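Numbered from 1 within each chain, the chains take letters A, B, ... in sequence-line order. Note that the coordinates shown come from a computational prediction; the quantities given were computed from them, not determined experimentally.
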Amino acid sequence: MTTVGVPAGWPATEEEARAVQDRLRGRVVLDEPGPPPGTGRVTGVDVAYDDDRDLVAAAAVVLDAATLEVVAETTAVGRISFPYVPGLLAFREIPTVRAALDALPCPPGLVVCDGYGLAHPRRFGLASHLGVLTGLPTIGVAKNPFTFTYNDPGPGRGSAAPLLSGTEDVGRALRTRDGVKPVFVSVGHRVSLDNALAHTLALTPAYRLPETTRRADALCRRALQEATAGAAQEASMRQAPTS
DNA sequence: GCGACAG
DNA sequence: ATCTTGTCGC
């Protein structure tokens, strides 16, 4: 487990954060297809919070894209770097997620984020931001439609419908399991939408959510609990050093 | 101005 | 995200 602080120069206000998004937005690469689904590695990243203790834990789990078996996994714990503000999620998640990615013993391949990429008020969501900062191919798979609209996809797995920001097409509502609520897929960095959808389907042979996010979610929760337990133990040591 | 709003 | 028990169903 890695420990991280808030990076120097990290935005402290919403205004600064929006300015960063406007400045970095132009660096997103949208004209690359990205790695072919089912080959190489796919990495899930996710974060869990304890706002009261000002703790955040991130996990990165690398899967073999063909077998979906775990190849490597890391965690990182740090201080919360930004409040939750819709549209500014990346500033809350990225420092710890990057630390977890940096700690991996192997290249992550495609990174699957829990949230959005292009589908964002300024077209620069978490997946876009993480991709630009790391140079890695990224996609976003979100559980909720955020502020976007869509028509229900057909009932079968694989059915998809446009995710719309007004009249602008920013991603897809994708049914990953028969008769189950869709997930919301958008491109991040260096991956086409078709490839993002294919990867998402390849990662959902059994559940609504990609195996990558399921694994990363479980791991970061565990890491947060261990960090929380560690903090509690240190506190009791200070009160009763012999216990 | 008010409400909604990824995690 | 997180607080939280049981419960219906395959």
- Task: Please examine the side chains of A:Thr39 and A:Pro37, heavy atoms only from C-beta on, and report whether any two atoms are closer than 4.5 Å.
- Result: no
- Contact list for DNA chain B against residues 123-162 of chain A - heavy-atom distance below 4.0 Å: A:Gly125, A:Leu126, A:Ala142, A:Lys143, A:Asn144, A:Phe146, A:Thr147
- Heavy atoms of other groups near A:Asp54 CG, more than 12 under 6.0 Å: yes
- Excluding sequence neighbours, so at least two apart, what forms ring-ring contact (aromatic ring centres under 6.0 Å, His included) with A:Phe148? A:Tyr116, A:Phe146
- Item | Atom pair distance, as rounded to whole Å: CG in A:Asp54 and C1' in C:dT2 | 16 Å
- Can you run through DNA chain B from 5' to 3' and write each base as (, ), [, ], | or . depending on how it pairs? Watson-Crick or G-U wobble, both distances under 3.5 Å. .......
- Sub-4.5 Å side-chain heavy-atom contact between A:Glu226 and A:Arg221: no
- Residue list, side-chain hydrogen bond (donor to acceptor under 3.5 Å, both in side chains) with A:Arg41, at least two apart or on another chain: none
- Within this structure, what is the OH-to-P distance between A:Tyr49 and C:dT2, rounded to whole angstrom? 9 Å
- For the pair made of CG in A:Leu163 and P in B:dA6, what is the distance, rounded to whole Å? 12 Å
- Flag this pair as yes if the NZ/CZ of A:Arg172 is under 6.0 angstrom from the six-membered ring centre of A:Tyr150 and inside a 45 degree cone about the axis; otherwise no. no
- Query: Atom CZ of A:Arg23 and atom CD of A:Glu16: how far apart are they, to the nearest 0.5 Å?
  - Reply: 10.5 Å
- Message: Strictly under 4.0 angstrom, non-hydrogen atoms only: write out the protein contact profile of nucleotides 4-10 of chain C, one letter per nucleotide from the 5' end, B, S or -.
- Response: -------
- Query: When you measure from every atom of DNA chain B, which of residues 87-94 of chain A have a heavy atom less than 4.0 Å away?
  - Reply: A:Gly87, A:Leu88, A:Leu89, A:Arg92, A:Glu93
- Query: Rounded to the Å, how far apart are A:Tyr116 OH and C:dA1 P?
  - Reply: 14 Å
- Could you check whether A:Asp46 gets within reach of a base, just the sugar-phosphate, or nothing at all, counting any heavy atom under 4.0 Å? sugar-phosphate
- Message: Measuring from atom CG of A:Leu164 to atom CG of A:Asn151, what distance do you get when rounded to the nearest 0.5 angstrom?
- Response: 7.5 Å
- Message: Let me confirm one number: the CD-CG distance from A:Glu168 to A:Leu163, rounded to the nearest 0.5 Å.
- Response: 11.0 Å
Enumerate donor-acceptor pairs with a distance under 3.5 Å from any side-chain N or O in residues 1-10 of chain A to protein atoms, sequence neighbours excluded.
from: A:Trp10; atom 1: NE1; to: A:Phe91; atom 2: O; distance (Å): 3.0

- To the nearest Å, how far apart are A:Gln21 CD and B:dA6 P? 15 Å
- Item | Greater than 12 external heavy atoms within 6.0 Å of A:Arg27's CZ | no
- Message: Within the 4.5 Å heavy-atom criterion, are A:Thr43 and A:Val112 side-chain neighbours or not?
- Response: no
Residues 126-140 of chain A, side-chain donor-acceptor partners within the protein, below 3.5 Å, at least two apart:
from: A:Ser128; atom 1: OG; to: A:Gly117; atom 2: O; distance (Å): 3.2
from: A:Ser128; atom 1: OG; to: A:Gly125; atom 2: N; distance (Å): 3.4
from: A:Thr134; atom 1: OG1; to: A:Leu130; atom 2: O; distance (Å): 2.7
from: A:Thr134; atom 1: OG1; to: A:Leu136; atom 2: N; distance (Å): 3.2
from: A:Thr138; atom 1: OG1; to: A:Ala127; atom 2: O; distance (Å): 2.7
from: A:Thr138; atom 1: OG1; to: A:His189; atom 2: N; distance (Å): 3.0

- A:Glu93 side chain to A:Tyr84 side chain, donor-acceptor N/O pair below 3.5 angstrom: no
- Query: Is A:Tyr84 stacked on the base of C:dA1, meaning ring centres closer than 5.5 Å and planes within 30 degrees of each other?
  - Reply: no
- Task: Flag the pair A:Arg214 and A:Asp114 as a salt bridge only when some basic side-chain nitrogen lies within less than 4.0 angstrom of an acidic carboxylate oxygen.
- Result: no
- Could you check if a side-chain atom of A:Val45 sits within less than 4.5 angstrom of a side-chain atom of A:Cys113, using non-hydrogen atoms only? yes
- Item | A:Asp52 CG - C:dC3 C1' separation (whole Å) | 11 Å
- Query: Taking 4.0 angstrom as the limit, do A:Arg215 and A:Asp46 come out as a salt bridge?
  - Reply: no
- Message: Any residue in residues 182-219 of chain A with a heavy atom nearer than 4.0 angstrom to DNA chain B? Just list them by number, or reply none.
- Response: none
- Watson-Crick and G-U pairing of DNA chain C written in dot-bracket, each distance under 3.5 angstrom, with | for inter-strand partners: ..........
- Query: Can you list the residues that meet the salt bridge (charged side-chain N to carboxylate O under 4.0 Å, His left out) rule with A:Arg98, with sequence neighbours excluded?
  - Reply: none
- Query: Mind checking what makes ring-ring contact (aromatic ring centres under 6.0 Å, His included) contact with A:His120, not counting sequence neighbours?
  - Reply: none
- At under 4.0 Å between heavy atoms, what does A:Ala119 touch on the DNA or RNA strands: base, sugar-phosphate, or nothing? nothing
